[in-house]
Novice: 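Sharing a structure below in structure tokens format, with a few things to ask.
None of the values given here were measured: they were computed from a predicted structure. Chain letters run A, B, ... following the sequence lines, proteins first and then strands; every chain starts at 1.
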Amino acid sequence: MTPRFFHEPGPGLGFVDLTVAFDVGAEADPPGREGLARLAARLVRCGTPGRTRAQVDAEVERLGARLEAAAGQNTVMLRARVIRENLEPLAALLVELVLRPAMREEDFDQARALHLAELVQVRDQDRDLAGRAFRRALYPDGPVGRPASGTVASVRRLALEDCVRFHRDLCARDTLLVGVAGDATETEARRALLDRLEALPERAAVARPAWPDAAPPRGRRALLVDKPDRSQAQIYLGHFGPKPGRDHHDGLYVSTVAFGGTLSARLMQEIRVKRGWSYGAYAQLARSRRDDAFYLWTFPKSADLGPCLALELDLLRAVAQDGVAPQELELARGYLVGSSVFLVDTPADRLERRIEVETLGFPPDYYAAFRRRVESVTLESARAATAACVHPDDLVVAVLCTAAQARDAVRKALGDGAAVDVVAFDDDTL
Amino acid sequence: MKRIPLGRHTIRCERLDNGLEALILADPASPVTAFHTWFRVGSRHEREGKTGLAHLFEHMMFEETENLAAGEFDRRVESVGAHMNAGTWLDWTYYHETFLPEHLAMIAELEAERMARLKLDEPQVEREKNVVANERHLRTENSVEGAAGELLWKTAFRAHPYHHPVIGWMEDIRGLTVEDCRAFHRAYYAPNNAALVVVGPVEEAATLDLLRRTHGGMGAQEIPADDPPAEPEQDGERIARLTWPTPSPKVCVAWRAPAITHPDGPALTVLSQVLLDGRSGRLQRRLVHDGEVAVEVQGDAGSCRDPSLFEIWVDLREGHPQEEALEAVYGEVAALAGAPPRADEIDTARNQVLLGFRSALETAGGRAHQIGFYHVTAGDAAHVQRRQEALLRVTAEDVRAAAARYLVPRSRTVVLVDPAEAAP
């Protein structure tokens, strides 16, 4: 089987973007070993049999390149950008790393130690903590709720052998995607990257774990992430929404933009413009391989937390009952149609979209037909989508705040019967 | 009319009769057009007690005008899918949109409308002050990086207005009035204090005609003198401490750096690369990847109109004292002041300069930003290209000399962030 290959030309840019991706990611991390895909990806860039990690780092940068190794829920990816003049040597180095990573014990120890330190550093980032808590509350038992970076406890459990096995299982032609964008012809791109990857073994695709669909939340549940001295809260609230290709996806996607995707949208108008409660107020329908989150994000000052949360719930109820207004839908469609140019503005953007379609399992024409699908959303289909998919009484709420000051306000906003739990901001399960 | 080369393109520069400058880069291959409006006003133009005014005013520019009802500006721009935003910094404020090329005339008209005919009323100012206060909670009151950065500049500058934060002190934000905003608008939002940048598949002459129609009728104004008090030479190290609910200590070390147009600027930028760039910079290796002392090291060589700061930030790992970071930073700085960087380090820096320069020009918006930033901050858009050329000419000895001249203890300011003790 020939690896999937994508080329997006950009003559004259003076640089080339290279992507080597495998369409299995952190969702394949064994329970209790979360963080494996990400650590393994990082270890891959830590040297080859002939070069140490420091030599690889120095060579990449001497060539005028940047190299990133990362893993998300659905992919492991090595991406580089290099000045055009050095495409060949950088591509050769990249392929050497993919095919023959050194996987040395000392590099593993260092990479894991840095990974652990980064997990601790996240505790400085209030928004990230609230986002992690939201995902954990939304999907306690599956990959959507498990951070791709893992936890301190799960990363401590990882051993070099786990990474070696992960790399061995992953590295096959049928999971591989190769992409080149920018200042290289297709011939140059194939020669530089694809031809060199011919050495990859051909074997059956790695089985993607069969995670069951998540059970949607029932009732209202809140998780407060308790951090001292907060003068501002970070609020995420929501539930699942349909993935691309499912019923109501397009209607809900456009309705979400109409409701909370622009400065003119209802959520921003009510929370920021009319009341000045939060610098930003956004709604989003996340898109991935499975049904992902439909959520709202705001960050009012602590004193406004209760009223802001209550208003968000009222606004959600209104949009579930009545849908978006005609003028809101018209603006959202215009916005999405006009801004769709930015999805494919640069060769790097175009490559990213093509790889997303492959790795996230979107319908093949998801981006190609984006404008047509947006234009085809009517007021009726938008309202049908919000009626079917927005559930103001069945959702999870994650709030980063100083819990002692915020708990009563959250309880009051959520109403009788809502479960409110508290977790410390430095709790490792986040 | 002047023409300035920029990569594969040229920028056409014109000054309208009212003093407004127009910089147009025609690129037939661009799928979108970028429209930037840069004003030569930032937080440096504020006085004590009125800090945050430039930034608050940036918010007010999205409000009602004589011909646009409240919210109408946003609605019109968003209805065609344009991406828009604005930014305020020490030396400048800018407003930008990127959009499908057929909407250029509408965007130019909207920008001219709010530049010339903004309505400033009490309720909107009061409401937006709340939003800005909330933004300050986000960026400073609840952010260790924001709080430490504010303390650093406050400590390093005592006379020059770089002393105060762009977003303003909270008590000042609360005290700003509608009359403050009106006076600010009259003083600084004049055509002869602004530059328009248009990048996209445009025709130069037609675009210039359009800008004359939309912006040419505004009258020039007398702009207040831009002569903030000079910062006296620093005469000794300054140290400030901050206690914060953070899991690990942090260190920021900064030295006085020259203005963006100073001939030593490129050498300091390369010095910053040798120390901090990527994963192979000396401090990256010593502190993060080999030494395993820090999670992250980053910095900035300073790019302000007046002398500013060369900064190094170290986010330590748990259990590592700040002294380890300081020893490494001072040690590597001293090493570079004593001996020039190796040839391979200079090669790396040059290739990274090329990558950075080409990447910055990837999109229409990126090019417009480079043009506007250097035109307003350095006084000439030609600095975009000149700076790249100057960076490529920097020698190892230039780097050593810059380290020896600028990174000296007496001009150093240090901020130490200590984790707060957990409550019992």
Novice: Distance from Ser30(B) atom OG to Asp345(A) atom CG, nearest 0.5 Å?
Specialist: 6.5 Å
Novice: Below 4.5 Å from any heavy atom of chain B, which atoms of Val82(A) appear? Answer side chain, backbone, both or neither.
Specialist: backbone
Novice: Passes side chain to side chain contact (heavy atoms under 4.5 Å, CB included), Phe299(A) versus Asn134(B)? Steps please.
Specialist: CA-CA 8 Å; Phe299(A) 35 99; Asn134(B) 187 267; 3.7 Å; yes
Novice: For chain A, which candidate among Val80(B), Leu361(B), Val77(B) shows the most heavy-atom pairs at distances under 4.5 Å?
Specialist: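 Most heavy-atom pairs under 4.5 Å with chain A: Val80(B).
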Novice: Indicate the atoms forming the closest heavy-atom contact of Ser339(A) with His83(B), along with that distance.
Specialist: CB-NE2, 3.8 Å
Novice: Using heavy-atom distances under 4.5 Å, tell me whether Arg75(B) contacts chain A through its side chain, its backbone, both, or neither.
Specialist: both
Novice: For Arg136(B), is it the side chain, the backbone, both or neither that has a heavy atom under 4.5 Å from a heavy atom of chain A?
Specialist: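 When you check distances to chain A, no heavy atom of Arg136(B) falls under 4.5 Å.
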Novice: Rounded to the nearest 0.5 Å, what separates atom CD in Gln234(A) from atom CG in Leu138(B)?
Specialist: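 Gln234(A) CD to Leu138(B) CG: 6.0 Å, rounded to 0.5 Å.
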Novice: Tell me the closest heavy-atom pair linking Met84(B) and Leu263(A), and the distance in Å.
Specialist: CE-CD1, 3.6 Å
Novice: To the nearest 0.5 Å, what is the distance between CG (Leu355(B)) and CD (Glu61(A))?
Specialist: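 If we round to the nearest 0.5 Å, Leu355(B):CG and Glu61(A):CD are 10.5 Å apart.
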Novice: Of the backbone (N, CA, C, O) and the side chain (C-beta and beyond), which part of Ser248(B) lies under 4.5 Å from a heavy atom of chain A, both, or neither?
Specialist: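 When you check distances to chain A, no heavy atom of Ser248(B) falls under 4.5 Å.
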Novice: Counting only heavy atoms closer than 4.5 Å, note whether Glu145(B) contacts chain A via side chain, backbone, both or neither.
Specialist: side chain
Novice: Take Arg350(B) and Glu85(A), measure what salt bridge (Lys or Arg N to Asp or Glu O under 4.0 Å) needs, and give me the verdict at the end.
Specialist: CA-CA 13 Å; Arg350(B) 284 182 182 144; Glu85(A) 299 89 312; over 6 Å; no
Novice: Rounded to the nearest 0.5 Å, how far apart are CG of Asp304(A) and CG of Asn130(B)?
Specialist: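 CG of Asn130(B) is found 8.0 Å from CG of Asp304(A).
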Novice: To the nearest 0.5 Å, tell me how far Arg53(A) CZ sits from Ser280(B) OG.
Specialist: 10.5 Å
Novice: So which part of Asp315(B) gets closer than 4.5 Å to some heavy atom of chain A, the side chain, the backbone, both or neither?
Specialist: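 For Asp315(B), the side chain is the part near chain A, not the backbone.
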Novice: Could you check whether any side-chain N or O of Arg358(B) sits under 3.5 Å from a backbone N or O of Gly14(A), counting only pairs where one atom can act as donor and the other as acceptor?
Specialist: yes
Novice: Pair Asp124(A), Lys250(B) - check salt bridge (Lys or Arg N to Asp or Glu O under 4.0 Å), show working.
Specialist: CA-CA 11 Å; Asp124(A) 277 331; Lys250(B) 299 159 204 329; 2.8 Å; yes
Novice: Got a donor-acceptor contact below 3.5 angstrom from the Asn142(B) side chain to the Ser231(A) backbone?
Specialist: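 Yes; judged by distance alone, with no hydrogens or angles, the pair exists.
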Novice: So which part of Phe357(B) gets closer than 4.5 Å to some heavy atom of chain A, the side chain, the backbone, both or neither?
Specialist: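 Neither part.
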Novice: Of the backbone (N, CA, C, O) and the side chain (C-beta and beyond), which part of Glu135(B) lies under 4.5 Å from a heavy atom of chain A, both, or neither?
Specialist: both
Novice: In terms of heavy-atom proximity below 4.5 Å to chain B, should Leu63(A) be classed as side chain, backbone, both, or neither?
Specialist: backbone
Novice: Taking 4.5 Å as the heavy-atom cut-off, does anything in residues 282-289 of chain B contact chain A, and if so which residues?
Specialist: Arg285(B), Val288(B), His289(B)
Novice: Take Asp74(B) and Thr262(A), measure what side chain to side chain contact (heavy atoms under 4.5 Å, CB included) needs, and give me the verdict at the end.
Specialist: CA-CA 9 Å; Asp74(B) 292 346; Thr262(A) 66; over 6 Å; no
Novice: Chain A heavy atoms under 4.5 Å from Ala82(B): which part of the residue, side chain, backbone, both or neither?
Specialist: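 For Ala82(B), the backbone is the part near chain A, not the side chain.
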Novice: Do you know which of Arg76(B), Glu78(B), Glu72(B) makes side-chain hydrogen bond (donor to acceptor under 3.5 Å, both in side chains) with Ser264(A)?
Specialist: Glu78(B)
Novice: Between Arg272(A) and Glu128(B), is there a side-chain N and carboxylate O pair less than 4.0 Å apart?
Specialist: yes
Novice: Mind checking what makes side-chain hydrogen bond (donor to acceptor under 3.5 Å, both in side chains) contact with Glu362(B), not counting sequence neighbours?
Specialist: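 So Glu362(B) forms a side-chain hydrogen bond (donor to acceptor under 3.5 Å, both in side chains) with Arg81(A).
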Novice: Which atoms of Val144(B) come close to chain A, meaning under 4.5 Å heavy atom to heavy atom: side chain ones, backbone ones, both, or neither?
Specialist: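 Only the side chain of Val144(B) comes within 4.5 Å of chain A.
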Novice: Between chain B and each of Arg123(A), Glu118(A), Arg66(A), Glu330(A), count heavy-atom pairs under 4.5 Å; write down the option with the most.
Specialist: Arg66(A)
Novice: For a quick test of reading the model, state the closest non-hydrogen atom pair linking Phe342(A) to Phe99(B) and the distance between them.
Specialist: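 So the two residues come closest at CZ-N, 4.0 Å.
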Novice: Any donor-acceptor pair under 3.5 Å linking the side chain of Arg62(A) with the backbone of Asp347(B)?
Specialist: no
Novice: Which region of Val120(A), side chain (C-beta onward) or backbone (N, CA, C, O), has a non-hydrogen atom less than 4.5 Å from a non-hydrogen atom of chain B, or is it both or neither?
Specialist: both
